[in-house]
Amino acid sequence: MEPSSLSGLPAGVGEALEAEGVAELYPPQEAAVDAGVTDGESLVAAVPTASGKTLIAELAMLSSIERGGKALYIVPLRALASEKKAEFERWEDHGVTVGVSTGNYDSDGEWLASRDVIVATSEKVDSLIRNGAPWIDDLTCVVSDEVHLVDDSHRGPTLEVTLAKLRKVNPGLQTVALSATVGNADVIADWLDAELVESDWRPIELRTGVHFGNAINFDDGSQREVPVERGEDQTARLVADALDTEEDGQGGSSLVFVNSRRNAESAARKLGEVTGSRLTGEERDRLRELAEEIRGVSDTDTSEDLADAVERGSAFHHAGLASEHRSLVEDAFRDRLIKCVSATPTLAAGVNTPARRVIVRDWRRYDGEFGGMKPLDVLEVHQMCGRAGRPGLDPYGEAVLLANSADTREELFDRYVWAEAEPVRSKLAAEPALRTHVLATVASGFAATRDGLLSFLDNTLYATQTDDEGRLASVTDTVLDYLEVNGFVERDRDGGSEGLAATGIGHTVSRLYLDPMSAAEILDGLRTVADGDDEGAGAGDFVPADGAAPGPDADADDAGFTTYTRADGDADGDADDPAEAAASDGDDGPEVTPLGLYHLVSRTPDTYQLYLKSGDREEYTEVCYEREAELLGDTPSEYEDVRFEDWLAALKTGRLLEDWANEVDEDRIAERYGVGPGDIRGKVDTAEWLLRAAETLARDVEGIDGDVVVRVREARKRLEYGVREELLDLAGVRNVGRKRARRLYEAGIESRADLREADKAVVLGALRGRERTAERILENAGREDPSLDGVDPDSSASAAATAGADADGDGDGQASLGDFG
DNA sequence: TCGGCAGAAGTTTAGACAGCATGTC
DNA sequence: CTAAACTTCTGCCGA
């Protein structure tokens, strides 16, 4: 079937596809067309990765748009959103517009409602529904990429409920679900009332095999000799073998999957010996440049180790890397500059990074709940193997599992090579998942009674595949009790069917996209502050919202608390105004410190906890008692309460955040907490998000001291910029980060206003003579005449700045590791 | 007494979604 | 119940 023979697509699309080189549709694509994707028919396509799934989605979306509709493409990862957007933008010549919406990136100012195709993550779509995005009911086609992720216990339920909601709002909606080959694609099709296209067909041959001893045995019965000498590294031999086998005039690159970050790093180091000896002079030069770029991303050991490996054509890839690191590695690997990447599962499902040879070195991974090393899911291994074979570059792809004995070889064949992937199973009927989705479903008007709620939940995958009819109802009831106790929903038990309604806070929580348990924890924590200084202050008391009050003052205690309203003149974001800070210092209520707030949001289920290492328990128990007064809420008993462990883990995270807000260098933080630059950014981002939510909650809820709102905002801003209080103003200037702000401050330039007035020589000196940077900064600070022509840097400013930048930000009188190793 | 070294014992362990505002003289 | 790569500790040896 030729693309140009398809009907129902926008004019010229078929021809454009042929011009791209799509002369014939692939068999699964043809089956999809036969099943009616271009006629608005719903479809589940369960086919291998890289077998043209995206084109099936495009055919559905484009034909839907041609009929006057609007399409939504749901991706599982933020990183994939921009990849897909770029891919779909090639249809803009045919009048199709594309927009993206994810948590950290919205299409540049474009109003989504006007776009024909919108790419978003499932959480973002869920959030848009909760917030009543007007274009949701205009959708005529929704594509769900990697639907098999409904099996994921954390994020699966969101996808499941979101699809159910979209279909409910829009009964005629064409639903196209793209899935890996799984055990029960028919059940998914059944759930979505869709046709099923299932196939193992791949455009590039994929051979899967197991290496043991001196050869790889492939699933097609063939063998390839790859002898491994005694004491030689099996992985290294296989990587070398791929590189030494030229196809298309080039050796093949490899992707090695391992089970821990540390293993990824040490494998990359070792494999650098293999790749390093096979580079051309030009490649060495380019790699050296790339390594410099990597070092420039971050000052941490991780960054340094990565750069060292990359210089030799080898790299590692895991979530501890900064996102800039990741894309540098991914791009260079695609460009065939980096010859081998050792990765954790980040690369198995993320952006498209194919390799000629995939080596699955570790097939078991530590799992605490399992109590040891757990074999990977068949689906996961298949996903890894599916990365083998680059379309247009490799004549074939090879996926090799490593065995260290004949027995293991047989086990790997049985377990992975011959095995079908596990069936997908809904994880909806679990409390954490339902807690969030029951509240959202009630709050956004999908259900007003208990019966209505249960019948809505009947549209989920869970309902179509469970045999236990009562389970969903019973978990729902447990969750409803929880939501009622915490004041998020009201229940009316008088009528025939129990009535349900979200309270004001319930609505807020749902719109903020918080787990209700996080919201409850935050509210409890913040309320302890108000309760602490006046027993008489309760939620029902009179709340003064005096529009004339400039902020909390000494009298505020009389009423127990003061609320800020938008009218009180504090909406200008001037929380760091010294006068205000001084005023609140006069308050004798319990002090709300950044650490207290960081600890509070860190112990919320929306924050991923840091692992307590040996010795940490002792260390943080001590910190916990030292700073107990700052922690919001009661510390669980060290000896009787199992929650104590979590409390300490949250304290560790809280301290990391505090360090960041105290300008401790990234490399010190990385070392102190045993994390990578990517983890630091991740923790800070999450905390920022939660503190913003906390700010909104604190404003919306009665019984929380207005001063608390100010403290929350300041703690959040300090995280955002990574600076101490006195630098908040400076760090707000574009191109001024925590480092430059500190240098400027040490040179006597303490504010944005100073930047406009200061001696240019001092500014230039503080910025270490970087003329262009200094000009940009002056311009961004709003200086009339930012030009630095003929200005010489003031060397004393530069010296002061250097001294300031080297100071360890640990000046709170706590025990400090004042050594440099 | 000290340093070097080998082997024993102990330690650690993947990933990643969400909101929001708002500018400048 | 299950692993494996590291790091740190321990004890032995020789000088």
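Residue numbers begin at 1 in each chain, while the letters A, B, ... track the order of the sequences. Nothing here was measured: the structure is a model prediction, and the numbers come from that model.
Between A/Y73 and A/D145, the side chains place a donor N or O and an acceptor N or O closer than 3.5 Å (distance only, hydrogens not considered). Side-chain atoms of A/H317 and A/E330 include a donor-acceptor pair closer than 3.5 Å. Neither side chain, A/T607 nor A/T604, offers a donor N or O lying under 3.5 Å from an acceptor on the other.
A/L514 comes within 4.0 angstrom of no nucleic acid atom, judged by non-hydrogen atoms across all strands. Using a 4.0 Å heavy-atom criterion, one finds that A/E688 contacts the bases of the nucleic acid, with or without backbone contacts as well. If you check every strand for non-hydrogen atoms under 4.0 Å, A/K374 touches nothing. Note on A/H154: a base of the nucleic acid sits closer than 4.0 angstrom, heavy atoms only. Looking at heavy-atom distances under 4.0 Å, A/A319 makes contact with sugar-phosphate atoms alone, never a base. When heavy atoms are screened at a 4.0 angstrom cut-off, A/D367 is found touching no nucleic acid atom at all.
A/K652 has a carboxylate O that lies under 4.0 Å from a charged side-chain N of A/D616, or vice versa, which qualifies the two as a salt bridge. Under a 4.0 Å N-O distance rule, the pair A/K760/A/D785 qualifies as a salt bridge. Between A/R435 and A/D515, at least one side-chain nitrogen of the basic residue sits less than 4.0 Å from a carboxylate oxygen of the acidic one, meeting the salt-bridge criterion.
Positionally, the nearest nucleotide of DNA chain B for A/S260 lies more toward the 5' end than for the other of A/P76 and A/S260. With the nearest nucleotide of DNA chain C identified for both A/P375 and A/R269, A/P375 has the one nearer the 5' end. Across the interface with DNA chain C, nearest-nucleotide mapping of A/G372 and A/S266 shows A/G372 to be the residue nearer the 5′ end.
Taking side-chain N and O atoms only, A/T686 has no distance below 4.0 Å to OP1 or OP2 of B/dC17. For the pair A/R326 and B/dA16, the criterion of a side-chain N or O lying under 4.0 Å from OP1 or OP2 is met. A/R155 has no side-chain polar atom (N or O) that falls below the 4.0 Å cut-off from OP1 or OP2 of B/dC17. In this model, the phosphate group of B/dG15 is approached by a side-chain N or O of A/R261 to a distance below 4.0 Å at OP1 or OP2.
The nearest whole Å value for the distance from the NE2 atom in A/H437 to the C1' atom in B/dC17 is 11 Å. When rounded to the nearest whole Å, the span between CG of A/L321 and C1' of B/dA16 equals 14 Å. When the P atom of B/dA16 is taken as reference, atom CD of A/E380 falls 12 Å away, rounded to whole Å. The interatomic distance linking A/M384 (CE) with B/dA14 (P) rounds to 13 Å, in whole Å. Nucleotide B/dT12 holds its C1' atom 11 Å from the CG atom of A/N259, rounded to whole Å. Atom P of nucleotide B/dC17 and atom OH of A/Y608 are separated by 13 Å, given to the nearest angstrom. What separates CD of A/E146 from P of B/dA16 is a distance of 14 Å, to the nearest Å. One can place CG of A/L612 at 11 Å from P of B/dT13, the figure rounded to the nearest angstrom.
Both key distances under 3.5 Å define a Watson-Crick or G-U pair, and stretches of 3 or more such consecutive pairs in DNA chain B run B:1-13 with C:3-15.
Atom CZ of A/R425 sits in a sparse spot, with 12 or fewer heavy atoms from other residues, nucleotides or ligands closer than 6.0 Å.
When A/L428, A/V150, A/L163 are each tested for a side chain to side chain contact (heavy atoms under 4.5 Å, CB included) with A/T460, only one passes: A/L428.
From A/I669, atom CD1 reaches atom NZ of A/K683 across 12.5 Å, with rounding to the nearest 0.5 Å. Rounding to the nearest 0.5 angstrom, the gap separating the SG atom in A/C385 from the CZ atom in A/F257 is 8.5 Å. The distance from atom OG1 of A/T121 to atom CG of A/L77, rounded to the nearest 0.5 Å, is 9.5 Å.
Mapping heavy-atom proximity under 4.0 Å, the span of DNA chain C touched by chain A runs 5' to 3' from C/dT2 to C/dC6.
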Taking N or O atoms only and anything under 3.5 Å, show me the protein contacts with nucleotides 7-11 of chain B, one pair per line.
none

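The closest donor-acceptor contact from the side chain of A/S314 to the backbone of A/A268 lies under 3.5 Å. No donor-acceptor pair under 3.5 Å is formed between the side chain of A/S518 and the backbone N or O of A/L514.
Counting only residues at least two apart or in different chains, side chain to side chain donor-acceptor pair (under 3.5 Å) contacts with residues 368-386 of chain A comprise A/R365-A/E380. Note on residues 259-269 of chain A: pairs passing salt bridge (charged side-chain N to carboxylate O under 4.0 Å, His left out), not counting sequence neighbours, are A/R261-A/D679.
If you take atom C1' in C/dA5 and the same atom in B/dA16, they sit 26 Å apart, rounded to whole Å.
Across B/dC17, B/dC20, B/dA18, the shortest atom-to-atom separation from the side chain of A/L512 is found for B/dC20.
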Quiz prompt | A/R756 and A/E784: CA distance, side-chain angles, deciding distance, salt bridge (charged side-chain N to carboxylate O under 4.0 Å, His left out) verdict | solution = CA-CA 8 Å; A/R756 289 195 289 268; A/E784 299 261 318; over 6 Å; no

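Non-hydrogen atoms lying under 4.0 Å from DNA chain B are contributed by A/T344, A/P345, A/T346, all within residues 341-349 of chain A.
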